[in-house]
Amino acid sequence: MRTKTPALLLGAAALLAVTACTDNAPATTPGDARALSVTATDTTCQVSAATAPSGTLSFSVTNSGTTVNEFYVLASDGLRIVAEVENIGPGLTRDLVLSVPPGDYFSACKPGMVGDGIRAAFSVSDSGVPVGPTGDEAALVAAANTAYGSYVRDQVEQLLTGTQAFVEAYTAGDDDLARALYAPTRVHWERIETVAESFGDLDPKMDLREADLEEGEEWTGWHLLEKDLWPARARDYTPLTKTERATYAKDLLDNTQTLYDRTRDLTYTADGIANGAKGLLDEVATGKVTGEEEYWSRTDLWDFQANVDGARVAWQGLHDLLVRKDAALDASIETRFAELQKLLDAQKKGDGFVLYDELGTDEVKALSDAVNALSEPLSKMAAAVLK
Amino acid sequence: MTDSTGLSRRGLIGSAGAGAAIALAGAGTFYVAGRPETTPDPTANWRTVGFHGRTQAGITTAAQDRLHFGAFDVNPSATREDLVALLQEWTAAAARMTQGLDAGEFGALSGPYDSPPDDTGEAIGLDPANLTITFGFGPTLFRAADGRDRFGLAGRQPAALTRLPHFPGDNLVATASDGDLCVQACSDDPQVAVHAVRNLTRIAMGRALLRWSQLGFGRTSSTTTAQVTPRNLFGFKDGTNNLRAEATDEIERHVWTAPGHDPRAAWLDGGSYLVARKIAMHVETWDRSSLREQERLVGRTKAEGAPLSGGREFSQPDFALAGREGAPLVDPASHVALGHPDNNGGLRMLRRGYNYVDGSNELGRLAAGLFFIAFVTDPRTHYIPMQTRMSRSDLMAEYLQHIGSGLWAVPPGIAPGEFVGQALFG
């Protein structure tokens, strides 16, 4: 990886179409009028050219000053931010890549992150290169956020209701009922797992696996009850007493209530939703497809499906926006979701799924491959919707 | 050196063909060196690291590019005398191999014709390429898992030498963890490192057996200031802030055990502890994370390795420097923040890890990661607290899983005529 070969450069250039407006390093060729450099100091903001042809521009912004800096491209009204790169530490270089239609703009550095910044006029000439639709996408983003917020609220409501029934059965010692409710209830957690995990204090109390504990740390949450309900794989297991059951069941329910309270008014961003979808697939890849998540109950496929559900809802919310930004990527995601779902459908049994132990190694491999195939385009969604 | 007799890879170079022909003469006939060489000595440029010294080689030695690490268990039937004999023979063979000599005195191409050669031969003609062989003693050498004191050593077990605790997220496998003894063989030539472990394993047959071993390629740290910082399999520079051999005061304080550090373990004075952790890296999911995310988790730029608070690779991170909305530019839960001496009471480690890829697994994913090695003066102060925090809080942990673990006491250096750990048996 010491040098870039021409082939690699070509590949990177092709990627620009979907990574615009992120600060990933672009591939540029010398003399490219769309490759600009910016040298920012505490008092100056030197852009290598005051004009560029329309298309995908990249600004390589070097902070030569002593304070944290930012770089903006502003619309002709001097107010609307077309694109920005923030948190450039002293001495660092960051790239800003964006698609810009012809028109008048301002460039601006903002040393110390305060004030209006050091501004200069910047014009983009019409090169004839088509630049994606620039219509008002705010409505689409707002719709995606609203839809995703509703989804999260609904899932947490169902999680709370389900958990109430589950802990009731568990506390009462009705183990058969508790076992029957376990996986279908956890589905609601898994669908919004990346949101739930964003509460760093709640997640360890509710979803920690035994191996994730520190020595001497107390284990609470779903998986503790799971082990107590399915102790078959445990060595020298001492079942929880009736009192312990009541204590840990109440703890889980209380924490679920806290999660409920905290997710009522949560708001989201388009890239946050997109990254959440990718995160859910990562959860599948590292925990579910390997059978590590539900070690005792072997109900990993319920969680698997739920993670995929959550990712699909996130993508569907962004679908209209993504179609405008990158229709090919959107189509690829759709195809991969369908392929993965087909494999999951083949493992359905009654209202649920076969147990993880019943999967053959070929089936696990096929599922893992389909997760990889979907994750790849899904991981590009965040950058695409930001474009 | 005590290994001045017999044949060497050096001696055979340039006349190997003749040696083989003479060896064919039959049983009982030993090849005799001494044929004058008319060609320039091809061994003249061989790179060797001295074996004897105040400390064992392979610790502050400039990190070589390749690793073969072996963990051994002493056979259940072995006695204290067997153990001592093994360490003596290991010492002699290591002293020879590190100097480019064969493992045994006859060598790969000589000795009784009806006897298997005392060197396995795959290193014939190879530059040792800075081969070092470093030995360590595990907790179970002193007290077996069932508590037995097999070799009368329990009374001299260092207090710090106990199995590392379970860290959050550990998913350890026995085939990459623990062992009564360990051997770290490092060289710039992978075949030379493998040759060393293979021959030591052979010497141990009947007295100790290879419990597990690990190949590593691509050092992930620099141990001298002359070395550039290499990259790990996440594509980031690793070990920028590592202890370097030139920082002698800090090495003294953080790597070697001080005289009198443990009244029961005076034999370890001037030695060290070797922490090994096999850390699987989920490279597939990592590769799908954005550069923004990758840099946030690491706390450094991918390009140069500069801290996100600014500067160049070796600039000190400014953990207080805040960016947008007052959030620190270097995330407090980033790898660099959690591992930095400033946030660990000034404690430092000498890291000496290697990238590894053990082929791929049944899911078609690379069985890849980092074989982490660190040398510290006391694991209780210099590794366990930091790793506990990292396992709990490190943002990068999502992409990692610790699957192997081991701790060994590393005896001090070996003087000519001595064997490794001799003071333990005195």
Side-chain angles (χ1 to χ4, degrees), chain A residues 1-2 19 22-25 63 65-70 84 86-95 113 197 200 204 208-217 271 275 278-279 281-286 289-290 292 361-362 364-369 371-372 375-380 382-383, chain B residues 164-172 231 235 280 282 284-296 300-304 306-313 315 317-318 321-330 333 361-365 384 388-389 391-393 397-402:
Chain A
M1 294 293 282
R2 275 184 214 102
T19 57
T22 62
D23 48 357
N24 291 14
N63 177 3
T66 61
T67 174
V68 181
N69 217 320
E70 300 174 332
E84 62 180 319
E86 83 282 19
N87 288 353
I88 314 170
L92 299 191
T93 298
R94 287 218 182 284
D95 293 332
M113 305 178 290
E197 281 181 346
L208 215 57
R209 290 172 289 189
E210 197 170 13
D212 298 332
L213 295 169
E214 247 168 75
E215 276 195 346
E217 187 183 9
D271 57 319
N275 278 322
K278 180 243 170 208
L281 263 292
D282 283 354
E283 296 283 345
V284 174
T286 52
V289 85
T290 54
E292 289 172 61
T361 45
D362 289 353
V364 173
K365 173 80 161 64
L367 284 165
S368 170
D369 291 345
V371 167
N372 279 337
S375 297
E376 206 55 49
L378 211 52
S379 70
K380 298 180 175 130
Chain B
L164 291 172
H166 173 89
F167 296 105
D170 276 7
N171 189 14
L172 304 184
R231 289 180 189 269
H282 302 311
E284 287 82 6
T285 49
W286 174 267
D287 294 343
R288 292 196 281 262
S289 57
S290 64
L291 185 57
R292 178 194 299 277
E293 179 77 351
Q294 293 181 10
E295 291 194 341
R296 184 174 76 92
R300 293 182 179 277
T301 64
K302 198 166 190 175
E304 197 193 352
L308 293 184
S309 53
R312 309 295 302 269
E313 181 190 352
S315 304
D318 180 350
L321 188 62
R324 188 75 63 90
E325 287 161 12
L329 291 186
V330 179
N361 67 16
E362 68 280 1
L363 294 179
R365 301 174 183 173
I384 294 171
T388 302
R389 286 192 335 127
S391 298
R392 164 63 76 220
S393 310
E398 187 182 337
Y399 297 93
L400 305 174
Q401 188 172 53
H402 287 237

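Residue numbering restarts at 1 for every chain, and letters A, B, ... go by the order of the sequence lines. It should be emphasised that the depicted structure is a prediction, and the values quoted were computed from it without experimental measurement. Reckoned from all heavy atoms, side chains included, excluding hydrogens, waters and symmetry mates.
- Proximity to chain A involves both the backbone and the side chain of B:Ser289, based on heavy atoms less than 4.5 angstrom apart.
- A distance of 10.0 Å separates NE2 in B:His282 from CG in A:Asp282, rounded to the nearest 0.5 Å.
- Here the straight-line distance linking atom CD of A:Glu215 with atom CG of B:Leu164 works out to 10.0 Å at 0.5 Å rounding.
- Looking at A:Val68, only its side chain comes within 4.5 Å of chain B, counting heavy atoms on both sides.
- Interatomic distance, OG1 of B:Thr285 versus CG of A:Asn372, reported as 9.0 Å (0.5 Å rounding).
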Check against side-chain contact (heavy atoms from CB on, under 4.5 Å), B:Glu304 and A:Leu92: CA-CA 9 Å; B:Glu304 197 193 352; A:Leu92 299 191; 5.9 Å; no

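- Put simply, the side chain of B:Arg288 does not reach to within 4.5 Å of the side chain of A:Leu281, judged on heavy atoms.
- Only the side chain of B:Leu329 comes within less than 4.5 Å of a heavy atom in chain A; its backbone stays farther off.
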Steps toward side-chain contact (heavy atoms from CB on, under 4.5 Å) verdict (A:Glu197, B:Glu398): CA-CA 12 Å; A:Glu197 281 181 346; B:Glu398 187 182 337; 6.0 Å; no

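- Chain A forms more heavy-atom pairs under 4.5 Å with one residue of B:Ala327, B:Gly169, B:Gly235, B:Ala397 than with any other, namely B:Gly169.
- Ranked by heavy-atom pairs under 4.5 Å with chain B, the first of A:Gly91, A:Ser368, A:Ala366 is A:Ser368.
- Taken from CD in B:Gln401 to OG1 in A:Thr286, the straight-line distance is 9.0 Å, to the nearest 0.5 Å.
- Residue B:Ala322 touches chain A through its backbone alone, counting heavy-atom pairs closer than 4.5 Å.
- Taking the side chain as every heavy atom from C-beta outward, B:Arg365 and A:Thr290 approach each other to under 4.5 Å.
- Put simply, the side chain of B:Arg324 reaches to within 4.5 Å of the side chain of A:Glu84, judged on heavy atoms.
- Looking only at side-chain heavy atoms (C-beta outward), B:Pro165 and A:Glu214 stay at 4.5 Å or farther from each other.
- A salt bridge is defined here as a Lys NZ or Arg NE, NH1 or NH2 lying under 4.0 Å from an Asp or Glu carboxylate O, and A:Glu217 with B:Arg392 meets this definition.
- Residue A:Lys365 touches chain B through both its backbone and its side chain, counting heavy-atom pairs closer than 4.5 Å.
- One finds the CG atom of B:Leu363 at 9.5 Å from the OG1 atom of A:Thr361 (value rounded to the nearest 0.5 Å).
- Ranked by heavy-atom pairs under 4.5 Å with chain B, the first of A:Pro90, A:Pro204, A:Gly89, A:Gly279 is A:Pro90.
- Contact annotation: the side chain of B:Glu295 approaches that of A:Arg94 to within less than 4.5 Å [non-hydrogen atoms, C-beta and beyond].
- A:Asp369 touches chain B through its side chain: at least one heavy atom from C-beta onward sits under 4.5 Å away, while N, CA, C and O do not.
- Interatomic distance, NE2 of B:His166 versus CG of A:Leu213, reported as 6.5 Å (0.5 Å rounding).
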